[in-house]
Every structure is written in structure tokens, then in C-alpha cells.
Amino acid sequence: MAATTSETEIHPSAVIETGAQIGQGVRIGPFCHIGPEVVLRDGVELKSHVVVTGDTVVGEETVIFSFACIGEIPQDLKFKGEKSRLEIGARNRIREHVTMNAGTEGGGGVTRVGDDGLFMAGSHVAHDVQVGNRVVVVNSAALAGHCVIEDDVIIGGLVGVHQWVRIGQGAIIGAVTMVTNDVIPYGLVQAPRGELDGLNLVGLKRRGVPRSDITALRAAFQMLAQGEGTFQTRARRLGDETESTYVRQIVDFITGTSDRSFLTPR
């Protein structure tokens, strides 16, 4: 029988170390291990054999499935035991064998995951990664250290995202792709070595983006692909000419601070 306190259910085989903070309505299944610095917000559910450790906060109503390992130290040889943490938002679904690591001193000390994400079986979120809201990471995809994944991104199965890469809002990465450079918002990337092959038109339509903005995005993509001057020059020219909020988002992304170059239209 599970132990029940204030609607919280904890299986008797689970190990909850002293200091862990367990919210209302939390359900902890068989053989889970919860470390002393962990905070589980209200309504969190852990299936069986889940490890949550380190200085980790798991947001409301997030569900973590069997054999996931959340909050362990970074897979970074530069890590020397410094204080770091992992923050996970609300209503995420973290499936079997997912790993999410805490941050490092060199990356700001915190890995963050937003709300309403789906992290499918075997996917990995490395140290200091910043993940937005409503992100989908498909089976066995891996986000290397320091990546920034903005809202509404879909990352296909077996994708590898290189460290420090930024992926802009609404972009989609096809399966079995290696992403080595930044991806513009709403971009569509595919091929073994990722190429910017168009726009995520399906995602834009599903989100109800107005037809006028989709038309503007199509025109903007063509200018980025075929216009005169460098990629950055074309982007700045777009910024001077556009009235679309969505195109402006791409311009701001391209002209913002980055540690990588860009995947450019082929």
C-alpha cells in the first residue's frame, strides 16, 4: 500500500531523502529515489524507478516516466562540483530513460526547461540548456550543452544539436539530423548535416498564423536565400522593409548575439 498524506501518495519502496520538499497531490511510484535538495511542486507524478537528484525543481503537474534520471551532475569534464541546479516548468511529460542535467559555473549554473513540453524516450537535455515552452523532443534526440531552444520547437528523433546552438521559435528539425549552426525562427531543417530547407509551414498553419504573415515569411525566406549581399546584410534589409511581426522575429534572431554561425537557405 502507498503512504498517503494530504492527498500525496508515496510508495513504500520509494526513497525520499531528508530535506526534499513534496507538494500537494504528488504521486511517487515504486523504487523512486528523491534527493535531499529536490522540490516537487503540486501534482507532480513519478512513475516507477525514477531518480530525481541535485538542486532540482519540478513544476506543477509534470509527469516523469520510468527510469528517467533528472538533475544529475553535468557530463562535462570541466565540472568540478560547483553548485548548480535544474529548473523544470509545469505540465511537462518526461518519458522513459530521459536524462536532464544540472548546469555548470561556466554556463550560468542552471539548466532550464519551460512549460508544457514533451521529452520522448531516451532524449537528453545537457548542462546549461535553456528550453522554452511547448517544445517537443522526439526519441533519442540530444541537446548538447548551452543550447537555446525557443518556444514551440519540434526536434525529430535521433537529432543531435551541437553545443551553443540556438533554435528559433517555431522551427522544426527533421529526424536523424545533425544541427551545427543556429536555426532561424520557423525554419525547417533536414538532411544528415542539417540544411535550412524552407519554413515550418505546417506548424505555422496549426498555430493559426494569418495568411498574410505566412506570405510575408515566404517572401522573407526567398530574400534571405537569394538576395544581394551577405546573410546578415539581407536580414537587416528585411528589417527595414517588413511590417510583419513574424519576419521581424527572424530579423532580430539573426542580428542578435550568437556563438555560432547560421544555417542558411540552400
Side-chain angles (χ1 to χ4, degrees), residues 15-17 19-21 28 31-41 44 46-47 49-59 62-133 135-150 153 155-167 173 178-180 259-260:
V15 175
I16 314 295
E17 296 195 40
Q21 300 179 42
I28 300 176
F31 304 106
C32 293
H33 188 171
I34 312 302
E37 297 181 282
V38 170
V39 177
L40 301 182
R41 302 292 191 197
V44 167
L46 309 184
K47 306 290 187 178
H49 299 83
V50 174
V51 174
V52 186
T53 189
D55 185 352
T56 298
V57 176
V58 181
T62 287
V63 180
I64 305 178
F65 287 72
S66 301
F67 302 103
C69 186
I70 307 300
E72 263 294 359
I73 63 172
Q75 299 178 104
D76 185 341
L77 293 176
K78 299 186 297 299
F79 181 74
K80 303 301 180 185
E82 64 267 21
K83 185 68 173 176
S84 63
R85 66 189 190 277
L86 168 64
E87 299 175 358
I88 298 173
R91 300 175 302 279
N92 289 286
R93 295 295 178 266
I94 300 172
R95 295 303 305 249
E96 297 84 356
H97 298 281
V98 169
T99 52
M100 295 183 177
N101 294 159
T104 64
E105 184 177 23
V110 59
T111 304
R112 290 189 179 90
V113 173
D115 300 334
D116 300 299
L118 172 59
F119 299 84
M120 295 173 69
S123 57
H124 175 62
V125 178
H127 60 87
D128 306 297
V129 170
Q130 309 295 305
V131 179
N133 301 318
V135 168
V136 177
V137 182
V138 181
N139 302 67
S140 301
L143 310 178
H146 312 281
C147 290
V148 176
I149 312 299
E150 295 187 354
V153 167
I155 296 176
L158 294 167
V159 165
V161 182
H162 194 283
Q163 62 188 12
W164 299 104
V165 160
R166 300 180 303 149
I167 299 182
I173 313 298
M178 178 63 190
V179 184
T180 56
D259 294 294
R260 307 291 297 175

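All values reported here derive from a predicted model rather than from experimental measurement. All values below were derived from every heavy atom in this structure, side-chain atoms included, with hydrogens, water molecules and symmetry-related copies excluded.
In this structure Glu37 satisfies the side chain to side chain donor-acceptor pair (under 3.5 Å) test together with Lys83, sequence neighbours excluded. Applying the side chain to side chain donor-acceptor pair (under 3.5 Å) test to Asp116 and every residue at least two apart in sequence or in another chain returns Arg91. For Asp128, the side chain to side chain donor-acceptor pair (under 3.5 Å) partners at least two apart in sequence or on another chain are Thr104. With sequence neighbours left out, the salt bridge (Lys or Arg N to Asp or Glu O under 4.0 Å) criterion links Asp115 to no other residue. Scanning for ring pair (Phe, Tyr, Trp, His ring centres under 6.0 Å) contacts around His146 gives His127, Trp164, with sequence neighbours left out. Residues satisfying the side chain to side chain donor-acceptor pair (under 3.5 Å) criterion with Gln163, sequence neighbours excluded, are absent altogether.
Rounded to the nearest 0.5 angstrom, Met100 CE and Glu72 CD are separated by 14.5 Å. Between the NE2 atom of His33 and the CD1 atom of Ile28 there is a distance of 11.0 Å, given to the nearest 0.5 Å. The CZ atom of Phe31 sits 10.0 Å away from atom CZ of Phe67, with the distance rounded to the nearest 0.5 Å. Note that CD1 of Ile70 and CG of Leu46 are 9.5 Å apart. Values are rounded to the nearest 0.5 Å. Taking CG of Asn101 as the start and OG1 of Thr53 as the end, the distance is 11.0 Å to the nearest 0.5 Å. In this structure, CD on Gln130 lies 11.5 Å from CD on Glu150, to the nearest 0.5 angstrom.
Scanning both residues, Cys32 and Lys47, for their nearest heavy atoms gives SG-O, 2.8 Å. Between Phe119 and Val98, the shortest heavy-atom distance links the atoms O-CG2, 3.5 Å. Minimum heavy-atom separation, Ala144 to His162: CB-C, 3.8 Å.
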| request: For Leu143 and Ile155, run side-chain contact (heavy atoms from CB on, under 4.5 Å): C-alpha distance rounded to whole Å, both residues' side-chain angles, the deciding distance at 0.1 Å, then the answer. | output: CA-CA 9 Å; Leu143 310 178; Ile155 296 176; 3.5 Å; yes

| request: Apply the test side-chain contact (heavy atoms from CB on, under 4.5 Å) to residues Val57 and Gln21: give CA-CA distance (whole Å), side-chain angles for both, the deciding distance (0.1 Å), then the verdict. | output: CA-CA 9 Å; Val57 176; Gln21 300 179 42; over 6 Å; no

| Audit row: Ile94, Val50, side-chain contact (heavy atoms from CB on, under 4.5 Å) steps and yes/no | CA-CA 11 Å; Ile94 300 172; Val50 174; over 6 Å; no

| task | Go through the steps to decide whether Leu118 and Arg95 satisfy the test side-chain contact (heavy atoms from CB on, under 4.5 Å), and finish with yes or no. | result | CA-CA 8 Å; Leu118 172 59; Arg95 295 303 305 249; 4.2 Å; yes

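The local environment of CD in Glu105 is sparse, with at most 12 non-hydrogen atoms from other residues, nucleotides or ligands closer than 6.0 Å.
In this structure the side chain of Val129 never reaches within 4.5 angstrom of the side chain of Val161, judged on heavy atoms. A 4.5 Å side-chain heavy-atom check between His124 and His97 finds every atom pair outside the cut-off. Side chains of Val159 and Val138 form no contact here, defined as non-hydrogen atoms less than 4.5 Å apart.
Judged by distance alone, with hydrogens and angles left aside, the side-chain atoms of Asn133 form no donor-acceptor pair with the main-chain N or O of Gly114 at under 3.5 Å. Of the possible polar contacts, one joining the Asp76 side chain to the Lys78 backbone as a donor-acceptor pair under 3.5 Å is found.
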